[in-house]
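Not measured: the values here are computed from a predicted model.
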Amino acid sequence: FDVTGQDHDPEYAMRARARMKNRAGFMLCAPDHLPVDDCTFDYGVATDIEFWDDPEAVLRELARVSCRGVVLLFSNAWSLARLECLTRKERARAAPMCAAWLSPRKVRRLARQTFECKAASWGSILLGPGFTWRHKSWHERLNTLMPALPLGAFAALRVDFQPLRAGTPLVLRA
């Protein structure tokens with residue numbers, strides 16, 4: 001894959017460049033005004049949509065530059081992890097983090113408004129509460145399942161702009 005990242009904060013962009021060691025390109029710009037032509041990318045991926053000021057503007061721009069579709073990644077309000085977050089003893093400290101989570105219903109509504117009801121599918125990961133996420137714990141099998149319903153702590157909505165073509169799956173290409 002050829003990957004291009006975007007950030008509007010110079011420090012975060014610099015950290016990403018250092019972490020990726022020139023394996024990806026980066027744009028320093030606002031997410032709702034990308035300095036590329038229409039249909040420059042096959043797919044666009046949007047992360048942390050729960051923190052955006054104007055999600056519709058960002059998604060319209062992402063749709064403009066993406067030919068085949070987009071993937072929206074977000075912290076899922078319908079997860080056990082959020083329930084755990086809301087019931088913590090130190091609730092006052094955790095309140096800002098707990099408030100940022102989005103419901104899949106809201107993300108789907110936003111996608112329908114922005115992308116005019118294109119084909120969509122769900123995926124999610126980390127089905128258990130946060131204390132079960134430790135590596136090599138007995139919960140590892142539960143947290144590596146990827147159900148088609150948005151029940152895990154991190155969820156994704158894939159919106160396809162064109163019908164999927166038959167071809168070699170990515171796993172077989174590797």
Side-chain angles (χ1 to χ4, degrees), residues 1 3-7 12 15-16 19-20 23-24 31 41-56 58-63 66 68-164 169-174:
F1 293 105
V3 177
T4 302
Q6 172 279 327
D7 207 310
Y12 284 116
R15 286 182 189 175
R19 189 176 204 187
M20 293 301 295
R23 292 180 303 212
F41 305 106
D42 288 330
Y43 285 93
V45 178
T47 62
D48 299 328
I49 63 175
E50 59 270 25
F51 297 107
W52 295 346
D53 293 332
D54 187 358
E56 282 189 56
V58 176
L59 293 182
R60 278 193 306 273
E61 184 68 357
L62 192 59
S66 305
R68 299 191 58 203
V70 298
V71 178
L72 309 177
L73 304 170
F74 61 98
S75 300
N76 186 5
W78 292 358
S79 66
L80 290 175
R82 176 143 189 272
L83 182 62
E84 177 191 40
C85 182
L86 293 171
T87 58
R88 279 192 194 142
K89 287 182 182 173
E90 61 272 356
R91 197 175 305 156
R93 266 191 319 162
M97 186 184 85
C98 292
W101 300 47
L102 290 176
S103 76
R105 179 180 291 175
K106 184 172 184 173
V107 173
R108 182 64 177 126
R109 189 175 336 116
L110 180 63
R112 276 193 181 126
Q113 291 168 350
T114 308
F115 306 127
E116 300 173 6
C117 297
K118 306 289 186 192
S121 59
W122 289 101
S124 67
I125 194 87
L126 298 174
L127 297 177
F131 73 86
T132 67
W133 297 353
R134 282 184 232 104
H135 184 63
K136 302 228 184 227
S137 72
W138 63 271
H139 309 96
E140 190 168 2
R141 183 173 257 166
L142 169 71
N143 287 315
T144 56
L145 292 174
M146 195 166 166
L149 295 173
L151 301 174
F154 298 102
L157 177 65
R158 187 185 82 207
V159 180
D160 295 308
F161 298 159
Q162 304 171 354
L164 295 178
L170 292 176
V171 174
L172 295 178
R173 288 185 185 191

Legend entry - CG on Leu102 to CZ on Arg108, rounded to 0.5 Å: 15.0 Å
Inset, instruction - List in chain and number order the residues that pass ring pair (Phe, Tyr, Trp, His ring centres under 6.0 Å) with Phe161, two or more places apart in sequence or in another chain; answer none if no residue qualifies. - result: Phe115
Inset, instruction - Write down the atom of Trp52, the atom of Ala46, and the distance for their closest heavy-atom approach. - result: CH2-CB, 3.3 Å
Legend entry - Residues, nucleotides or ligands: over 12 heavy atoms within 6.0 Å of Arg23 CZ: yes
Inset, instruction - Supply the atom-to-atom distance Cys85 SG to Trp101 CH2, rounded to the nearest 0.5 angstrom. - result: 6.0 Å
Inset, instruction - Specify the closest pair of heavy atoms between Ala120 and Leu157, including all atoms of both residues, with the distance to one decimal. - result: CB-CD1, 3.7 Å
Inset, instruction - Report yes if the side chains of Glu61 and Pro31 come closer than 4.5 Å at any heavy-atom pair, otherwise no. - result: no
Legend entry - side-chain hydrogen bond (donor to acceptor under 3.5 Å, both in side chains) partners for Ser75, two or more places apart: Glu50
Legend entry - Distance-minimising heavy-atom pair for Trp78 and Ser103: NE1-CB, 3.5 Å
Legend entry - Set of residues satisfying side-chain hydrogen bond (donor to acceptor under 3.5 Å, both in side chains) with respect to Asp160, sequence neighbours excluded: Arg158
Inset, instruction - Drop me the distance from Ser66's OG to Phe41's CZ, to the nearest 0.5 angstrom. - result: 7.5 Å
Legend entry - Spatial distance of atom CG (Asp48) from atom CZ (Phe74) [nearest 0.5 Å]: 12.0 Å
Inset, instruction - For Arg15, check side-chain hydrogen bond (donor to acceptor under 3.5 Å, both in side chains) against everything at least two apart and list the hits. - result: Glu11
Inset, instruction - Just jot down the salt bridge (Lys or Arg N to Asp or Glu O under 4.0 Å) partners of Arg105, sequence neighbours excluded, or say none. - result: none
Legend entry - Distance (rounded to the nearest 0.5 Å) between Leu110 CG and Ile49 CD1: 6.5 Å
Legend entry - Inter-residue atom distance Asp54.CG - Leu59.CG, 0.5 Å rounding: 9.0 Å
Show every donor-acceptor pair shorter than 3.5 Å between a side-chain atom in residues 121-130 and any protein atom, with sequence neighbours excluded, or say none if there are none.
{"unit_1": "Ser124", "atom_1": "OG", "unit_2": "Leu149", "atom_2": "O", "d": "3.1"}
{"unit_1": "Ser124", "atom_1": "OG", "unit_2": "Leu151", "atom_2": "N", "d": "3.2"}
{"unit_1": "Ser124", "atom_1": "OG", "unit_2": "Gly152", "atom_2": "N", "d": "3.0"}

